[in-house]
Amino acid sequence: ILNVGKTINNLEEDPSIQIAAQRLQEGEVVAFPTETVYGLGGNALSDKAIHRIFQAKGRPSDNPLIVHIADENKLDDYVEKIPSHAQKLMEAYWPGPLTIVLEDKGKLSTGVTAGLSTVAVRMPDHPIALALIRAANLPLAAPSANTSGKPSPTTAQHVYKDLKGSISTIIDGGPTGVGVESTVVDCTGKTVTILRPGGITKEQLEEVVGPVDVDPALITEDTAPKSPGMKYTHYAPSAPLVLVDGSPAFFEKKISEARASGKRVGILISEENKGRFIAHKEVVLGSKKDLSTVAAKLYESLRIFNEQEVDIIFSEVYPEMNLGAAIMNRLRKAAGGNVLVEHLPR
Ligand code: TXA
Ligand code: MG
């Protein structure tokens, strides 16, 4: 685990960044912080590095990687064309938690795109990530630095826990800020389509490009997602997670029923409802009035339960506007679609 000097102005010359950059140039993989979650980076031009990424994570090989760049001008090397809606989104939200899918030029290692004709690219908004990309002078393919299926890592310790023994290098930049991954948008069509909700909201996209589409697979289970990663089970804590959509009395009832059947109950609760229910373990997520606090603590909270002995976890649901869309997408996946809805008498 490498630490980065806090006083150095020119991060690119930080000794830890230099060591990590050299390892990347040698085809090794390096975990590093971004503003969303920690990524496991490798040279996007190297088959060896890409193979190592998939191997370390235990990631299915049909799930393509996001390419991280630090300079917009490099984009032309890897994509066929930059449509005007994509250009506008880049100007508005890069660097930032927005990944743009464009037509691939075929210059990157084939594992990066998993054989698709498109490539996903983003410019992260984190000084360490940007310094590392610049120091290595390489496009970095980087999935989240967790074991496949686990919640994404928001601290270097999460990465260490998942990947120790399979990678040599983690740059510790402290906890990440946003807490959920980047929004993935497909910009190869006439309109922009959201493939994965994330740190840049639908509302923010529409401010810049007008109405955007949402991949139908995000709404129903009946269609195959366009973003291959969205079809896999994800973010799962070790005990089953159940979402509870209803009144506090309904939530209370679900806890009591589980307790009555001898289960040890964990609850994932908002700031507003903390201390309201009796459970074996309560983890407070954040405030419903400021969903960025919920996003920031989401994965850490799911990991806390991993270490606790509970048999079932109940979570509240959150309003699906703004960041709530990404939060609910991740919670639904973590719950494997298990949602209890209160049916109120009319
Ligand atoms: O915030 C993030 O995006 C983080 C940090 C490290 O940058 N990265 C991340 O990567 O979340 P990963 O690999 O965990 O998720 C990448 C998602 C997957 O759902 C994948 O299927 C999708 O992006 N994706 C990658 N290339 C694609 C493409 N060409 N077309 C459609 N979806 C693509
Ligand atoms: Mg991931």
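Order of appearance sets the numbers: ligands from 1, and atoms from 1 within every ligand.
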Asker: With heavy atoms under 4.0 Å as the rule, classify the contact between L116 and ligand 1 as side chain, backbone, both or neither.
Answerer: side chain
Asker: Considering the heavy atoms of G39, write down every atom of ligand 1 situated less than 4.0 Å from one of them.
Answerer: 6 (C)
Asker: Output the list of atoms in ligand 1 that are nearer than 4.0 Å to some heavy atom of S144, sorted by atom number.
Answerer: 8 (N), 9 (C), 10 (O), 12 (P), 14 (O)
Asker: Please state whether H68 comes within less than 4.0 angstrom of ligand 1, counting heavy atoms only.
Answerer: yes
Asker: Restricting to N/O/S atoms, is N146 within less than 2.8 Å of the Mg ion (ligand 2) or not?
Answerer: no
Asker: Are E181 and S152 linked by a side-chain donor-acceptor pair shorter than 3.5 Å?
Answerer: yes
Asker: How does R59 reach ligand 1, if at all, at less than 4.0 Å between non-hydrogen atoms: by side chain, backbone, both, or neither?
Answerer: side chain
Asker: Within the 4.0 Å heavy-atom shell around N63, which atoms of ligand 1 are there?
Answerer: 18 (C), 20 (C), 21 (O)
Asker: Using a strict threshold of under 4.0 Å (side-chain N to carboxylate O), is an ion pair present between K253 and E342?
Answerer: no
Asker: Show which atoms of ligand 1 fall inside a sub-4.0 Å distance from at least one heavy-atom site of P143.
Answerer: 10 (O), 12 (P), 13 (O)
Asker: Inspect the contact between K81 and E103 and indicate whether a charged nitrogen and a carboxylate oxygen are less than 4.0 angstrom apart.
Answerer: yes
Asker: Considering the heavy atoms of T36, write down every atom of ligand 1 situated less than 4.0 Å from one of them.
Answerer: 1 (O), 2 (C), 4 (C), 5 (C)
Asker: With a 4.5 Å cut-off on side-chain heavy-atom distances among I, L, V, M, F, W and Y, is there a chain of contacts connecting V214 to L89?
Answerer: yes
Asker: Taking atom CD1 as the centre, does I1 end up with more than 12 heavy-atom neighbours from other residues, nucleotides or ligands that are less than 6.0 angstrom away?
Answerer: yes
Asker: Is any side-chain N of the basic residue among K254 and E257 closer than 4.0 Å to the acidic one's carboxylate O?
Answerer: yes
Asker: Could you list all the ring-ring contact (aromatic ring centres under 6.0 Å, His included) pairs where at least one residue sits in residues 243-287, not counting sequence neighbours?
Answerer: F251-F277
Asker: Side-chain donor-acceptor contacts of residues 106-113 below 3.5 Å, not counting sequence neighbours, with atom names and distances?
Answerer:
unit_1	atom_1	unit_2	atom_2	d
S109	OG	D47	OD1	2.7
T113	OG1	T110	O	3.4

Asker: Does K57, backbone or side chain, put an N or O under 3.5 Å from an N or O of ligand 1?
Answerer: no
Asker: So for L195, does at least one of its heavy atoms come nearer than 4.0 angstrom to any atom of ligand 1?
Answerer: yes
Asker: E181 to ligand 1: N or O pair under 3.5 Å?
Answerer: no
Asker: Could you tell me whether some N/O pair between Y38 and ligand 1 is separated by less than 3.5 angstrom?
Answerer: no
Asker: Quick one, E271 with T293, criterion side-chain hydrogen bond (donor to acceptor under 3.5 Å, both in side chains). Give me CA distance, side-chain angles, the key distance, then yes/no.
Answerer: CA-CA 10 Å; E271 198 63 51; T293 61; over 6 Å; no
Asker: Looking at ligand 1, does any of its N/O atoms fall within less than 3.5 Å of an N/O of T118?
Answerer: yes
